[in-house]
Amino acid sequence: MTLPEISPILLELVNSDGETIGTEEKLAAHQAPGKLHRAFSVFLFDGEGRMLLQQRALTKYHSPGVWSNTCCGHPYPGEAPEAAAARRTREELGLTEITLVPAGTVTYNHPDEISGLVEQEYNHLFAGTVAQACAPDPEEVHDTRFVTQDELKALQAEKAFSAWFPTVMDAALPGIRKVAPSGGW
């Protein structure tokens, strides 16, 4: 039996202004010291203003089992960040009935001490609402949870979170406050 050939996943490399300067294979872009590449982060809220978190699948090669924002990932080269955010939210969580609004951008460089990989990203942030139940893909997501601000603080005190979560959360707060004013964020 012949195994199918798997195409490498390419990321869009960018300069500090977010302008595309090339492409790189996903794992290679995350090897130390890392290469600045385009990414996105999504923060979804229910009607009560609670944030939807996901616990990354335990089998992921990067940051397995840690809690993080609703969804994050990388656009394909040439794919609009908002389209990529909607696509990955559907693929990872089965969510199709969402609204997304831009919530800014943030650039960071976060090495992961456990894996040795580096998140050096120009990250497009999105906030939005969801009114349907999740249907997570177990290859991507181990667990999900809607949390209030106080529940988030308690969870952060007892569980591991992604290295990028505090940075993207802080940067997205102005947009989050617009879409979830009842949450007290």
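The first residue of the sequence shown is numbered 1, and numbering continues consecutively from there. Below, each value reflects all heavy atoms present in this structure, side chains not excepted, and no hydrogens, waters or symmetry copies. Everything numeric in this text was worked out from a predicted model, so none of it was measured.
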Can any side-chain N or O of S63 pair as donor or acceptor with the backbone N or O of V66 at less than 3.5 Å?
-> no
Look up atom CG in L36 and atom CG in N109, then write down how far apart they are to the nearest 0.5 Å.
-> 8.5 Å
Can any side-chain N or O of N15 pair as donor or acceptor with the backbone N or O of D17 at less than 3.5 Å?
-> yes
Give a yes or no on whether F40 and V101 share a hydrophobic cluster (residues Ile, Leu, Val, Met, Phe, Trp, Tyr; joining criterion: side-chain heavy atoms under 4.5 Å apart).
-> no
Parallel, tilted or perpendicular: ring planes of H74 versus H37, cut at 30 and 60 degrees | tilted
May I ask whether V42 and M169 are part of the same hydrophobic cluster, defined by side-chain heavy atoms of I, L, V, M, F, W, Y residues being less than 4.5 angstrom apart, directly or through others?
-> no
Does the cation-pi check pass for R87 over Y76, that is, NZ or CZ under 6.0 Å from the six-membered ring centre and within 45° of its axis?
-> yes
Roughly how far apart are T144 OG1 and L53 CG, rounded to 0.5 Å?
-> 9.0 Å
S115 side-chain N/O to L117 backbone N/O, donor-acceptor pair under 3.5 Å | yes
Under the ring-ring contact (aromatic ring centres under 6.0 Å, His included) test, which residues partner F45, sequence neighbours left out?
-> W185
Least distance between heavy atoms, E25 atom then P8 atom = CG-CB, 3.8 Å
Evaluate the criterion side-chain contact (heavy atoms from CB on, under 4.5 Å) for residue pair L27 and I9; output intermediate values, then yes/no.
-> CA-CA 8 Å; L27 187 56; I9 297 172; over 6 Å; no
Hey, are the side chains of W67 and D143 touching, using non-hydrogen atoms and a 4.5 Å cut-off?
-> yes
Sequence neighbours excluded - salt bridge (charged side-chain N to carboxylate O under 4.0 Å, His left out) pairs with any residue from residues 30-40 = E12-R38, E24-K35
Determine whether V130 and F43 fall in the same hydrophobic cluster, where Ile, Leu, Val, Met, Phe, Trp and Tyr are linked whenever their side-chain heavy atoms lie under 4.5 Å apart.
-> no
Does a side-chain heavy-atom distance below 4.5 Å link D150 with L152?
-> no
Heavy-atom pair of closest approach, residues A171 and V106 | CB-CB, 3.7 Å
Do you know which two heavy atoms are closest between V168 and S41, and how far apart they sit?
-> CG1-OG, 3.7 Å
Side chains of L10 and K26 in contact at under 4.5 Å (non-hydrogen atoms) | no
Does Q132 reach the main-chain N or O of E97 with its side chain, forming a donor-acceptor pair under 3.5 Å?
-> yes
With sequence neighbours excluded, residues passing ring-ring contact (aromatic ring centres under 6.0 Å, His included) with F146 | none
Hey, could you give me the CZ/SG distance between R88 and C71, rounded to the nearest 0.5 Å?
-> 6.5 Å
Cluster check L93, L58: I/L/V/M/F/W/Y, side chain < 4.5 angstrom | no
Please examine the side chains of S16 and Y122, heavy atoms only from C-beta on, and report whether any two atoms are closer than 4.5 Å.
-> no
Could you check if a side-chain atom of D137 sits within less than 4.5 angstrom of a side-chain atom of E91, using non-hydrogen atoms only?
-> no
Considering only heavy atoms from C-beta outward, does the side chain of D112 approach that of H62 to under 4.5 Å?
-> yes
Rounded distance (nearest 0.5 Å) linking atom CG of L155 with atom CD of Q55 | 9.0 Å
Would you mind reporting whether N69 and M51 have side-chain heavy atoms less than 4.5 Å apart?
-> no
Do you know which two heavy atoms are closest between L44 and T129, and how far apart they sit?
-> CD2-N, 3.9 Å
Would you list the atom pairs, donor with acceptor, under 3.5 Å between side chains in residues 157-164 and any protein atom, with sequence neighbours excluded?
unit_1 : atom_1 : unit_2 : atom_2 : d
S162   : OG     : S68    : OG     : 2.7
S162   : OG     : W164   : NE1    : 3.3
S162   : OG     : F165   : N      : 3.3
W164   : NE1    : S68    : OG     : 3.2

Linking I/L/V/M/F/W/Y whenever any side-chain heavy atoms sit under 4.5 Å apart, do L52 and I98 land together?
-> yes
Smallest separation among heavy atoms of A180 and G49, with atom names | CB-CA, 4.3 Å
Identify the two heavy atoms, one from A127 and one from A103, that lie closest to each other, and give their separation to 0.1 Å.
-> N-CB, 4.1 Å
Kindly determine whether T96 and R90 satisfy side-chain contact (heavy atoms from CB on, under 4.5 Å), including the steps that lead there.
-> CA-CA 6 Å; T96 57; R90 182 182 65 253; 3.8 Å; yes
Check whether any side-chain heavy atom of L125 lies under 4.5 Å from a side-chain heavy atom of P102, and answer yes or no.
-> no
Listed partners of Y108 passing side chain to side chain donor-acceptor pair (under 3.5 Å), at least two apart = E121, N123
Residue pairs involving residues 52-68 (criterion salt bridge (charged side-chain N to carboxylate O under 4.0 Å, His left out); sequence neighbours excluded) | K60-E140
